[in-house]
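Just below is one structure, and these are the notes that go with it.
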Amino acid sequence: MRISVLGLGYVGCVSAACLAGLGHEVIGVDVNQVKVDLVNDGRAPVVEERIGELIAEVVRTGALRATGDVREAVMGSEVSLVCVGTPSEPNGSLCTTYLERVAEQIGAAVAGRGGRHTVVFRSTMLPGTCLNLLVPILEKHAGGTAGTDFGVAVNPEFLREGTSVRDFFDPPKTVIGELDPASGDVVAALYEGLPGEVFRVPVPTAEAIKYADNAFHGLKIGFANELGAVCQALGVDSHQVMDVFLADRKLNISPAYLRPGFAFGGSCLPKDLRSLVHAAQRADVSVPILSHVLPSNSDHLQRAVELVERTGKRRVGLFGLSFKPGTDDLRESPLVELAERLFGKGYELRIYDPNVNLSRLLGANREYIETRLPHLAQLLAQSVGEVLDHAEVCVVGTRDPAVLSALPHGDDPVIVDLVHLPDADARRAEPGYAGLAW
């Protein structure tokens with residue numbers, strides 16, 4: 001294909017050179033004439049492994065050239081890859097100035113160009129930026145409709161500086177946020193033959209994925225560093241600890257615990273986090289990430305309370321009480337905390353959990369519930385139907401088959417979903433459904 005790449009920084013320069021290396025005809029565009037001249041001389045404007053040799057080769061064969069003229073590049077290509085910077089403003093917000101400017105220029109060029117042109121945003125931008133900000137700019141200046149008169153897609157990059165050429169040719173995944181299938185087809189064709197799974201998703205999902213990746217990468221680094229500092233203070237070899245930690249591919253380095261749901265609880269996670277943070281404080285080690293995990297968990301629980309409050313209804317049914325399925329352990333269960341908050345706010349509460357029987361609760365488990373929810377006996381129901389007969393709002397904290405099969409559709413009762421029900425996607429269209437984080 002004939003491709004224009006707008007912005008010749010790290011992402012744009014690498015994308016342009018690598019796409020040319022795949023056999024495409026590429027025109028690089030930048031406002032900085034020095035970068036344009038360097039590329040046309042077969043030299044890389046950035047320092048990066050393998051990029052110098054690659055640019056020299058593709059410029060020599062005529063597969064890559066550069067210009068400062070956006071119109072010339074768009075008129076001479078079928079696809080425009082936008083790789084301009086999106087730096088932070090002083091207050092931390094996303095700067096979209098360069099995106100807006102290049103959208104205006106591309107739109108104006110598309111207006112005078114025959115045939116369908118596809119605009120692909122590769123720059124990192126927050127969900128909603130493309131559809132709410134950039135597409136209207138493109139439509140205004142192109143004088144046409146996105147998805148009909150020209151294509152639009154979002155194609156985030158996953159290139160690490162220092163290994164970006166290698167990452168381009170061996171990507172962890174390819175994400176295509178498509179405004180319409182034809183736009184997605186064009187982007188998919190750009191990377192045909194490269195390894196890795198291809199995900200074709202809505203535009204806002206593609207925008208969000210890059211932030212999910214980078215936030216998690218930062219979190220992992222911060223977690224490892226904080227744990228290392230605590231281990232050092234306690235006289236423990238942190239690298240030995242992390243070697244064992246990383247060897248666990250079932251729970252640690254895995255999809256486990258990485259699906260949005262309800263707050264965590266139980267007899268282990270809360271107390272162990274408290275102990276670790278307390279040990280760090282005693283050792284005079286600052287651990288801002290670890291010390292905010294439990295407050296974050298509490299805030300997430302409060303979101304569930306607020307969902308119930310927003311309904312304006314008073315009769316509430318709660319399905320599930322133990323801290324996880326298949327157990328009657330109520331210690332530090334977030335559902336017990338939720339029940340306590342709702343009961344304390346005066347809601348008429350009925351609870352069903354097939355695993356919880358007051359007569360069988362023993363020891364610390366019984367002590368905990370007698371302390372936190374002493375009125376449990378009068379709140380427990382014996383069946384799903386009993387709760388449904390009572391409730392104007394059903395708070396679903398379990399995936400028990402008996403509960404799932406009995407939940408009604410529609411707007412009465414209101415369903416507050418804490419577990420992402422199997423039919424959550426279908427229920428989203430119903431006026432009586434509210435998902436906790438989806």
Side-chain angles (χ1 to χ4, degrees), residues 10-11 46-49 87-94 124 156-167 170-173 208-303 323-324 327 329 331-334 336-337 364 368 437:
Y10 277 91
V11 172
V46 298
V47 176
E48 184 71 24
E49 180 186 87
S88 292
E89 297 284 14
N91 66 356
S93 64
L94 183 74
T124 300
E157 49 80 19
F158 304 99
L159 309 175
R160 298 166 296 172
E161 289 189 26
T163 60
S164 57
V165 174
R166 196 186 322 156
D167 290 341
D170 187 16
K173 57 185 174 288
I209 285 167
K210 181 61 183 284
Y211 285 93
D213 280 28
N214 282 353
F216 190 50
H217 297 162
L219 180 63
K220 288 192 291 184
I221 294 166
F223 168 78
N225 290 340
E226 283 193 6
L227 196 67
V230 175
C231 286
Q232 181 188 43
L234 300 180
V236 177
D237 184 338
S238 63
H239 277 258
Q240 193 173 64
V241 169
M242 292 308 291
D243 284 343
V244 178
F245 173 87
L246 293 168
D248 183 345
R249 295 290 198 266
K250 184 175 181 180
L251 299 179
N252 293 345
I253 310 304
S254 75
Y257 310 123
L258 281 172
R259 298 287 185 186
F262 193 39
F264 64 79
S267 59
C268 296
L269 267 58
K271 79 173 181 64
D272 292 347
L273 273 162
R274 285 190 207 100
S275 296
L276 184 61
V277 171
H278 181 69
Q281 290 170 341
R282 288 189 62 188
D284 219 13
V285 175
S286 174
V287 285
I289 293 175
L290 292 171
S291 64
H292 280 85
V293 174
L294 285 173
S296 171
N297 195 52
S298 181
D299 285 353
H300 194 55
L301 192 152
Q302 181 59 27
R303 292 183 188 111
F323 92 95
K324 65 188 298 186
T327 178
D329 195 348
R331 291 173 295 171
E332 300 218 41
S333 167
V336 170
E337 175 68 21
Y368 181 80

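On a predicted model such as this, the values are computed, not experimentally measured, just so you know.
Separating the OG atom in Ser164 from the CD atom in Glu49 is a distance of 8.5 Å, to the nearest 0.5 Å. Going from atom CG of Leu301 over to atom CG of Asn297 covers 7.0 Å, rounded to the nearest 0.5 Å. Summarising the geometry, atom OH belonging to Tyr10 is positioned 6.5 Å from atom CD belonging to Glu48; distances are rounded to the nearest 0.5 Å. Rounded to the nearest 0.5 angstrom, Lys220 NZ and Ile289 CD1 are separated by 13.0 Å. In this structure, the separation between CG on Asp243 and CG on Asp237 is 8.0 Å, given to the nearest 0.5 Å. Atoms CZ and CG, from Phe323 and Asp329 in turn, are 5.5 Å apart once rounded to the nearest 0.5 Å.
Residues Lys210 and Glu157 meet the side-chain proximity criterion, which asks for heavy atoms closer than 4.5 Å. Two residues are said to be in side-chain contact when any heavy atoms from C-beta on lie closer than 4.5 Å; Val293 and Phe223 fail this criterion. Side-chain contact between Phe245 and Leu227 is absent, with no heavy-atom pair separated by less than 4.5 Å. Between His300 and Arg303, some side-chain heavy-atom pair lies under the 4.5 Å cut-off. Contact check for Pro288 versus Glu226: side-chain heavy atoms found under the 4.5 Å cut-off.
Of all heavy-atom pairs spanning Pro334 and Ala263, the tightest one is CG-O, 3.2 Å. The shortest heavy-atom contact between Val230 and Ala280 is CG2-CB, 3.8 Å. Shortest non-hydrogen contact noted between Leu269 and Gly265 is CB-O, 4.3 Å. For Pro270 against Gly266, the heavy-atom pair with the smallest separation is CD-O, 3.4 Å. Scanning all heavy atoms of the two residues, the minimum distance from Leu294 to Arg274 falls at CD1-CG, 3.5 Å. Cys231 and Val241 make their closest contact through SG-CG2, 4.2 Å (heavy atoms, listed as atom of the first residue, atom of the second, distance).
The 12-atom threshold is not exceeded at CZ of Arg160, counting heavy atoms of other residues, nucleotides or ligands nearer than 6.0 Å. More than 12 non-hydrogen atoms from other residues, nucleotides or ligands lie less than 6.0 angstrom from NE2 of His217. Counting heavy-atom neighbours within 6.0 Å of Gln240 CD, excluding the residue itself, gives a total of 12 or less. Other residues, nucleotides and ligands contribute over 12 non-hydrogen atoms within 6.0 Å of the CD atom of Gln302.
In this structure, the side chain of Ser296 does not engage the main chain of His292 through any donor-acceptor pair within 3.5 Å.
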